[in-house]
Amino acid sequence: MPTTLFSPLQLGSITLNNRIVMAPLTRSRAGDGNVPHALNALYYAQRASAGLIIAEATQVTPEGQGYITTPGIHSDEQTAGWKAVTDAVHANGGRIFLQLWHVGRISHTSFQPHAAAPVAPSAIQAEGKTYTRDGFVPLSKPRALDTDEIPSIVAAYAQATRNALEAGFDGVEVHAANGYLIDQFLRDKTNHRTDQYGGSFENRSRFLLAVVDAVTTVAGASRVGVRISPQNAFNDISDSQPQALFNHVAEQLAPRKLAYLHVIEGDMSGAPAAPFDYAAIKQLFGGLYMANNGYDKARASAALAEGRADLVAFGKPFIANPDLVTRFLLDAPLNPLQAATLYGGSHPGYTDYPLLQSTAAA
Ligand code: 8OZ
């Protein structure tokens with residue numbers, strides 16, 4: 001039998017009902033104190049038929065925030081809020097990981113404790129804006145982290161992992177993609193350091209690997225995934241040698257026997273990307289490979305059948321179709337995405353996308 005989207009998969013000690021993954025999606029709908037609340041539990045519970053949900057990027061420290069009303073996993077209240085989310089997903093038979101996030105320089109002083117500068121590998125300001133209480137504002141110039149500050153950030157990822165497990169998550173995903181702090185360390189556009197965290201591939205990968213090792217010490221390797229985006233220019237990120245850099249990253253992650261490697265292939269905007277050998281990344285990593293970026297059912301099915309991926313993560317289709325798995329199974333039409341309700345607000349465009357039955361009955 002060829003592998004399909006509906007083939008179950010053993011992920012460490014947990015069994016996924018299918019290979020259709022809900023990608024991590026920032027929706028900016030946390031409650032006061034960036035605490036997940038009942039609205040978020042309903043949204044995730046509606047999508048529990050995914051083989052695996054990767055809950056949205058969640059800051060591991062107050063300094064790790066860069067957008068309005070994104071959830072955290074550093075306070076007791078946040079941990080308790082997430083517990084209600086994982087309970088609701090598990091009650092519906094789902095599995096859920098949490099994506100651990102630190103934005104680094106993709107932030108604004110208004111999100112930072114004491115309105116301080118955001119932190120980054122080097123003091124290089126990103127081109128771009130973020131949405132604050134005062135609307136869109138340019139990203140703030142970061143300050144470079146001192147070498148001796150880095151272990152405390154690594155420790156914050158470990159503590160966030162303890163909190164995530166206490167909150168009932170089945171595992172965690174380390175967000176090393178999309179131009180945020182870990183990616184800023186990996187790339188030579190944003191990392192101009194001269195200490196052991198800058199320069200060679202080995203040095204630029206040191207922070208990622210320290211985080212991965214700290215997180216796996218807490219959760220066990222089979223409950224830890226990593227997300228990378230070798231060609232994504234989102235958040236003003238790039239590298240002079242992306243293939244060689246990410247081949248090195250995949251090689252270094254391989255012996256760590258993680259749950260999976262999650263790869264955003266190409267550019268998130270859909271802009272054409274240069275040729276890139278993702279098969280090499282998959283082969284060097286050696287474990288389960290989760291593909292992402294603009295897949296539909298046909299492309300995803302082909303990737304699984306041809307052994308180019310083991311799981312496929314879907315973003316926008318899962319926002320608009322809580323019953324995406326059923327729709328794929330039946331080859332049913334998909335609800336279109338409402339772009340205006342992606343970020344912020346309450347139920348509209350979040351928990352009110354219709355199910356197939358209610359569409360048919362209407
Ligand atoms: C879009 C808007 C805000 C955040 C990412 C967490 O790219 C994000 C994000 C995406 O990983």
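Fair warning: this is a prediction, and the values are worked out from it, not measured in the lab. Just so you know, ligand 1 is whichever comes first in the structure, and atom 1 is the first atom listed for that ligand.
- Both Leu25 and Ile53 belong to a common hydrophobic cluster when Ile, Leu, Val, Met, Phe, Trp and Tyr are linked at side-chain heavy-atom distances under 4.5 angstrom.
- A salt bridge does not link Asp323 with Arg47: none of the charged nitrogens is closer than 4.0 Å to a carboxylate oxygen.
- Ile96 and Phe314 fall within a single hydrophobic cluster, where Ile, Leu, Val, Met, Phe, Trp and Tyr side chains are chained together by heavy-atom contacts under 4.5 Å.
- Heavy-atom proximity to His175, at under 4.0 Å, picks out these atoms of ligand 1: 5 (C), 11 (O).
- Between Arg223 and Glu173, no side-chain nitrogen of the basic residue sits less than 4.0 Å from a carboxylate oxygen of the acidic one, so the salt-bridge criterion is not met.
- Below 30°, between 30° and 60°, or above 60°: for Phe276 and Tyr278 the angle between ring planes is between 30° and 60°, a tilted geometry.
- Numbered from 1 in the order shown, with element, the atoms of ligand 1 that lie under 4.0 Å from a heavy atom of Tyr180 read 4 (C), 5 (C), 6 (C), 7 (O), 8 (C), 9 (C), 11 (O).
- Every atom of ligand 1 is numbered from 1 in the order shown, and the set under 4.0 Å from a heavy atom of Ala57 is 6 (C).
- Closest to atom 6 (C) of ligand 1, if we only count protein heavy atoms, is Thr26 OG1, 3.2 Å.
- Within the cation-pi definition used here (under 6.0 Å to the ring centroid, within 45° of the axis), Arg299 qualifies as a partner of Tyr295.
- Between His175 and Trp101, the two ring planes are parallel [angle under 30°; tilted spans 30° to 60°].
- The distance from ligand 1 to the heavy atoms of Asn178 drops below 4.0 Å at these ligand atoms: 5 (C), 7 (O), 11 (O).
- Residue-to-ligand polar distances keep Trp101 apart from ligand 1: every N/O pair is separated by 3.5 Å or more.
- Proximity to Tyr343 (heavy-atom distance under 4.0 Å) selects the following atoms of ligand 1: 1 (C), 2 (C).
- With atom 10 (C) of ligand 1 as the reference point, the heavy atom nearest to it among Tyr67, Phe234, Tyr131 is part of Phe234.
- For a threshold of 3.5 Å applied to N or O pairs, the pair formed by Arg227 and ligand 1 contains no separation below that value.
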